[in-house]
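Structure first, commentary second.
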There are 2 protein chains.
Amino acid sequence: MKQSHTKPDVSVDVVLLTLDEGMLKVALHRRASAPGKGSLALPGGYVHVDEDASLEATAHRVLREKTGLEPRYLEQLRTFGGPERDPRGWSVAVSHVALIPHGELSQAGAGVFHFYDVDDLPDLAFDHAGQVQEAVQRVRNKASYSTLPCWLLPELFTLTQLQGIYEQIFGETVSRGTFRSRLGIRVGEVTPGESADEADILIATEQFQGGNQRPARLFRVNRLSLFKRAFW
Amino acid sequence: MKQSHTKPDVSVDVVLLTLDEGMLKVALHRRASAPGKGSLALPGGYVHVDEDASLEATAHRVLREKTGLEPRYLEQLRTFGGPERDPRGWSVAVSHVALIPHGELSQAGAGVFHFYDVDDLPDLAFDHAGQVQEAVQRVRNKASYSTLPCWLLPELFTLTQLQGIYEQIFGETVSRGTFRSRLGIRVGEVTPGESADEADILIATEQFQGGNQRPARLFRVNRLSLFKRAFW
DNA sequence: TAAATAGTGTCTATTAGACACTATTAA
DNA sequence: TTAATAGTGTCTAATAGACACTATTTA
C-alpha cells in the first residue's frame with residue numbers, strides 16, 4: 001500500500017492548431033533531451049505549483065515560454081494517464097487544444113516549432129499522435145455545430161472569410177444566402193435602441209473591409225455558440 | 001525553481017448520476033476524515049500507481065471500492081487543478097461522469113452513499129459542487145443530441161421507456177410517431193439477410209416485454225450516437 | 001458603366017411533427 | 001369485445017437552400 005501513494009508526474013500538453021493552405025496543421029518541435037530525444041513532440045511541461053494558478057494557466061505559460069504564441073482559443077481536451085505512456089513511470093498529461101489564426105504565426109518565435117499537416121503526421125513521441133488525433137476529431141466535430149472556426153480567423157472578419165473556413169474544413173460549398181441564414185444573420189433588423197443582441201451568434205460591427213468592390217461588413221464572434229441544427 | 005518540481009496530488013472523482021422520481025440525482029457521502037470532515041462529497045480517491053492501468057481504471061476501482069456499483073456509462077468530464085481547491089496545496093482532480101439505471105441501485109452497498117437531487121444540492125466539500133454542476137450540464141446537453149439517456153436504462157428497454165426518459169429530462173412531450181422517426185426507427189425494413197444495420201442508432205431485438213396489452217419490442221443501444229439534428 | 005463582391009427576397013423541395021388509424025395482447 | 005399500449009401511414013406546417021435580384025464600391 002505504501003507504493004500506492006507514490007504520486008504520478010503531472011504535465012500539460014498543448015495541441016496548437018492553425019489553418020494553412022486549406023489544411024489543419026499542428027505545432028511540433030524536436031525534443032532536445034531524453035526520453036524521446038530527437039523525436040517530434042507537442043509543446044508541454046510540468047505544472048509549476050509556485051506560479052501556476054490553474055491548469056489553463058500552465059497551458060498558456062508553456063505556450064508562451066516555448067513558442068512565444070498566444071492562442072485565440074484554448075480548451076481542455078482530455079487527460080491521459082497510465083503506466084506506459086512515459087518510460088519514467090505512471091504519468092498524467094492534461095491535454096489541451098488551442099487555435100490560432102495563421103496570420104498571427106509569422107511574426108513570433110517560429111524558431112524551433114514548425115507546423116505539420118494533421119492528416120499526414122510523422123511519428124511522434126510518447127502518446128502525442130493520439131492526442132493530436134483526438135484534438136483534430138474534436139475540432140472537426142465541434143466545427144460542425146458551433147462557432148469554433150471563428151477562432152481560426154482574426155478578431156474581426158467578413159462573412160465570406162468565415163464561409164471559406166467552413167468550406168475548407170468540410171470540403172463542401174453552399175450559397176451565400178444559405179450560409180448567412182444558417183448563422184442567423186439579420187443585420188437589417190438591428191434597431192439602434194436594442195443594438196447588439198446577446199442572443200446573436202455573431203456581432204455585426206460598423207467597420208467595413210474595402211477592396212475593388214462593395215465593402216464587406218466586419219463581424220466578431222459573440223461567444224462559443226452551439227447550434228441546435230448541425231451546421232454542416 | 002526547485003519548488004516548481006514539487007508534484008501536485010492527483011485524485012480521481014466521479015459524479016455518479018441516476019434518474020429517480022423524474023429527477024437527476026447524484027451519489028454523495030459524508031467525509032469521515034479531514035479535510036472537510038463531515039461535509040458531503042463525491043466518491044473519489046488517489047491514483048494507485050501500482051495497480052491502476054489508466055485513469056478510467058482508477059475511476060472504476062474507486063466506484064467499486066466505495067459504492068460497490070458498476071456504472072453503465074463512464075466518461076471523463078474535465079480535470080480541475082489549482083492551488084486553492086484543496087487546503088493541502090496544489091492539487092489535480094480528474095473528474096468523471098458516470099450513469100447508472102435506478103433499478104441497479106437498491107441491491108448494492110447503498111450504505112454510506114445517498115442520492116441527492118442535482119437541482120437542489122446541499123453544500124459540498126472542495127470544488128465538488130462545481131464538478132456536479134458541470135457534469136449535469138454536460139449530461140443534459142449531450143442528451144439533447146445523442147443516445148446518452150439510453151445508459152440511464154437497463155441494457156434492454158422499450159421505446160416507451162426511452163421516450164419517458166427524454167421527456168423527464170426535457171419536460172416536453174411529443175407524439176410516439178415523432179419520437180420514433182427522430183430515432184430513425186424502421187423495424188419493418190429489416191430484411192433477414194442484412195440484419196442489424198450498424199448505422200442504426202438502436203438495435204431491435206427479437207425479444208418483447210409483455211403486459212396486459214400488445215407486447216413492446218425491446219431495443220438496445222448500438223453505441224453512443226450523435227444526431228445531426230438536435231434531438232430535443 | 002463595367003467588373004467584382006456584398007447583401008437580400010422569393011420560391012420550391014424537403015422534412016418534422018400531429019393525428020388518426022391499425023395491430024396485438026390479457027382479461 | 002373491451003381496455004390498454006404498440007406500431008405505422010398520411011397530411012400539413014415549418015424550414016432549409018438554390019437562385020436571382022439589388023447594392024456598393026473601384027477603375
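Just so we're on the same page: letters track the sequence lines, and every chain starts at 1.
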Take the C1' atoms of the five end pairs on each side of the helix from C:dT1-D:dA27 to C:dA27-D:dT1, get both axes, and report the angle to 10 degrees.
0°

Taking atom types as modelled, is there a side-chain donor on A:H102 or A:E21 under 3.5 Å from an acceptor on the other?
no

Modelled atom types, side-chain donor and acceptor of A:S95 and A:Q131, under 3.5 Å
yes

In this structure, how many angstroms lie between the [atom2] atom of [N] and the [atom1] atom of [X], rounded?
| X | N | atom1 | atom2 | answer |
| --- | --- | --- | --- | --- |
| B:R214 | D:dA4 | CZ | P | 18 Å |
| B:Y166 | C:dG17 | OH | P | 14 Å |
| A:Q163 | C:dT5 | CD | P | 13 Å |
| A:R217 | D:dT24 | CZ | C1' | 13 Å |
| A:F208 | C:dT5 | CZ | C1' | 14 Å |
| B:E172 | C:dA16 | CD | P | 16 Å |
| B:R182 | D:dG7 | CZ | C1' | 18 Å |
| A:F179 | D:dC19 | CZ | P | 18 Å |

For the CD atom on B:Q133, are there more than 12 heavy atoms of other groups (residues, nucleotides or ligands in this structure) within a distance under 6.0 Å?
no

Under 4.0 angstrom, heavy atoms only, what part of the nucleic acid is [X] near: base, sugar-phosphate, or nothing?
| X | result |
| --- | --- |
| A:T158 | nothing |
| A:R176 | base |
| B:T160 | sugar-phosphate |

Is the shortest side-chain N/O distance from A:R180 to OP1 or OP2 of C:dG7 below 4.0 Å?
yes

Does D:dG17 have its OP1 or OP2 closer than 4.0 Å to a side-chain nitrogen or oxygen of A:T178?
no

Residue mapping more 5' on DNA chain D - nearest nucleotide basis, A:P215 or A:S175:
A:S175

Identify, between B:L159 and B:R229, the residue whose nearest nucleotide on DNA chain D lies closer to the 5' end.
B:L159

Nearest to the side chain of A:Q213 - C:dT5, C:dT25, C:dA27?
C:dT5

Tell me which nucleotide among D:dA6, D:dA27, C:dA18 gets nearest to the side chain of A:N212.
D:dA27

Row check, A:F208 ring normal vs A:R217 NZ/CZ: under 6.0 Å, within 45°:
no

Using the six-membered ring wherever Trp is involved, compare the ring planes of B:W151 and B:Y73 and label them parallel, tilted or perpendicular (cut-offs 30° and 60°).
tilted

Under 30°, 30 to 60°, or over 60°: which ring-plane class applies to A:Y145 and B:Y145, parallel, tilted or perpendicular?
tilted

After noting the C-alpha distance and the side-chain angles of A:N141 and B:L226, does the key distance pass the side-chain contact (heavy atoms from CB on, under 4.5 Å) rule?
CA-CA 10 Å; A:N141 185 49; B:L226 308 180; 4.0 Å; yes

When the aromatic ring centroids of A:F157 and A:F219 are compared, is their separation below 6.0 Å?
no

First of B:F231 and B:G211 reached from the 5' end of DNA chain C, by closest nucleotide:
B:F231

